[in-house]
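What you see below is based on every heavy atom in this structure, not just the backbone, and it leaves out hydrogens, waters and symmetry mates. Each ligand, and each atom within it, is numbered from 1 in the order the structure gives.
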Amino acid sequence: MPIQSAKGAYDILPNETYKWQYIESIIREICELYNYKEIRTPIFENTDLFVRGVGESTDIVSKEMYTFLDKSERSITLRPEGTAGVCRAYVEHKLYSELNYLTKVYYLGSMFRYEKMQKGRQRQFTQFGVEALGGEDPSIDAEVISLAVNLIKKLGLKEVKVAINTLGDKESRLKYREALINHFKPEIDTFCGDCQRRLELNPLRVLDCKVDHDKPSMAKAPKMVDYLNDYSKNFFEKVLKHLDYLGIEYVLDHNLVRGLDYYNHTVFEVMSKVEGFGAQTTLCGGGRYNGLVEELEGPNTPGIGFAFGLERLILSLEAENIAIPDQNFVDVYIVSMSEKTNEIAFKLQEELRQNYIKCDKDYFNRKVKAQFKSADRYNARFTVVVGEEELENQKMIIKDMIAQTQEVVEINNIVLELKKRLEVK
Ligand code: AMP
């Protein structure tokens with residue numbers, strides 16, 4: 001059997017790449033609008049970065065990392081997410097050195113997690129994420145959420161909702177943690193192994209459990225809002241007020257805790273509401289992570305960010321029947337009538353390209369009919385027919401593939417005539 005792609009990894013074939021390029025171009029456009037600059041960090045990092053930066057209690061670190069020893073026995077991990085690498089780069093390159101400067105960056109790239117495969121969940125997947133580092137103002141939280149919402153809008157997605165919650169500051173969370181442990185402890189033996197393990201490590205994650213989701217004690221669990229200190233309460237109210245200023249609709253979800261250990265204060269998700277979308281409805285997850293940079297031995301730096309999965313964005317566009325513009329066309333397809341005209345056709349092709357006319361031609365000495373079939377396949381706007389008879393008179397034929405009309409033009413004018421028709425400058 002021929003070798004196949006590794007389980008969980010997949011090819012994006014030439015007839016699909018336009019979807020990715022389209023979404024990527026909109027992402028870049030929006031990031032530019034918000035003055036976020038692209039950052040490209042390595043695909044592999046020292047394993048320690050994720051253990052410290054993502055957190056040992058997370059599924060990502062405890063079960064899902066692609067970790068291996070390199071030839072010098074260093075433990076290396078393929079990045080499972082983008083925030084840790086960005087924060088490492090922020091510390092390593094001292095991007096914090098300017099006072100009162102908000103570092104706003106975005107990334108686009110492959111992430112790797114050894115997860116159970118299902119629709120919308122691969123082992124290699126692509127994330128677009130932003131990080132705003134160095135600012136603690138609640139308006140930044142709202143700005144980051146608005147960037148995510150505007151991406152959704154610009155893509156034309158309608159069936160989405162924004163869910164938001166606060167995890168409060170450290171003090172509030174410690175109190176809440178204790179309350180959760182006390183609440184779940186008496187019956188933790190009836191919960192799944194993950195929950196039992198998480199209860200002491202990170203009890204908030206018990207609320208997130210898919211297995212024990214419907215247990216009555218879940219619904220009765222203490223709520224974070226009741227444990228927020230004044231600062232945290234105030235902070236969250238300001239975030240919501242700023243979202244209101246922007247007219248962004250959201251739902252408060254007290255059980256939204258997010259899978260990563262580093263979050264505090266604002267956490268949010270953008271979810272698809274389309275029917276039949278599958279189990280993985282979260283398109284984007286994000287939140288505040290004040291303290292993470294310090295954890296990585298940088299200065300005390302507040303931060304907030306999010307990450308979208310591009311595969312899920314494409315799935316939701318398809319589920320909402322939104323067409324992605326396909327750039328699959330050539331301006332001109334050159335049809336060569338015989339072997340004798342091939343040389344001229346070949347030279348003409350180069351000349352057209354020098355003049356920014358997108359073109360292609362036959363490589364197999366195929367019959368004229370087959371060449372016209374190729375022209376259709378490439379959605380050629382025009383064909384140029386190079387025939388022996390016409391060449392003798394220094395002429396070529398331009399055929400308009402939409403109007404199905406044709407004209408004979410002087411060889412010397414061919415580029416000009418095509419440019420005129422294509423409106424190329
Ligand atoms: P996370 O980094 O887990 O907060 O995930 C952020 C977003 O990345 C999710 O909402 C998904 O859109 C996407 N994502 C996470 N894991 C996967 C995966 N295994 N396959 C595809 N997309 C994923």
Query raised in the report: Starting from atom 11 (C) of ligand 1, which protein heavy atom do you reach first, and at what distance in Å?
Result: R312 NH1, 3.4 Å

Report task. With K358 as the cation and F329 as the aromatic partner, state whether NZ or CZ is under 6.0 Å from the six-membered ring centre and within 45° of the axis. Result -> yes

Requested in this report: Search all heavy atoms of A163 against all heavy atoms of M271 and return the closest pair with its distance.
Outcome: CB-CE, 3.5 Å

Query - Closest approach of any protein heavy atom to atom 10 (O) of ligand 1, naming residue and atom - result: T282 O, 2.9 Å

Report task. Have a look at ligand 1 and work out which part of L283, if any, has a heavy atom under 4.0 Å from it: side chain, backbone, both or neither. Result -> backbone

**Report entry** Minimum-distance protein heavy atom relative to atom 4 (O) of ligand 1
**Finding:** R258 NH2, 2.3 Å

**Report entry** Residue pair P302 / R288, side-chain heavy-atom distance below 4.5 Å
**Finding:** yes

Query raised in the report: In the protein, which heavy atom is nearest to atom 22 (N) of ligand 1, and how far is it?
Result: F125 CD1, 3.6 Å

Requested in this report: Identify, for atom 13 (C) of ligand 1, the protein heavy atom at the shortest distance, and state residue, atom and that distance.
Outcome: G309 CA, 3.6 Å

Query raised in the report: Do the non-hydrogen side-chain atoms of D169 and L228 ever get within less than 4.5 Å of each other?
Result: no

Report task. Specify side chain, backbone, both or neither for E269, according to which of its non-hydrogen atoms lie closer than 4.0 Å to ligand 1. Result -> neither

Query raised in the report: Does ligand 1 have an atom that lies less than 4.0 angstrom from a heavy atom of E115?
Result: yes

Query - R113 neighbourhood, listing ligand 1 atoms whose heavy-atom distance to it stays under 4.0 Å - result: 1 (P), 2 (O), 3 (O), 15 (C), 16 (N)

Requested in this report: Starting from atom 20 (N) of ligand 1, find the nearest protein heavy-atom neighbour and note its residue, name and distance.
Outcome: Q122 N, 3.0 Å

Query - F128 vs F306, ring-ring contact (aromatic ring centres under 6.0 Å, His included): CA-CA, chis, key distance, verdict - result: CA-CA 8 Å; F128 152 59; F306 67 65; 5.7 Å; yes

Query - Option of least heavy-atom distance to atom 6 (C) of ligand 1 (set: Q127, Q124, K116, M271) - result: Q127

Query - Centroid separation Y96 to Y90 less than 6.0 Å - result: yes

Query raised in the report: When H265 is tested against each of Y289, Y231, F236 for ring pair (Phe, Tyr, Trp, His ring centres under 6.0 Å), which residue passes?
Result: Y231

Query raised in the report: By number and element, which atoms of ligand 1 are closer than 4.0 Å to a non-hydrogen atom of A307?
Result: 6 (C), 7 (C)

Report summary line: Looking only at heavy atoms, the pair that brings L102 and G134 closest together is CD1-C, 3.9 Å

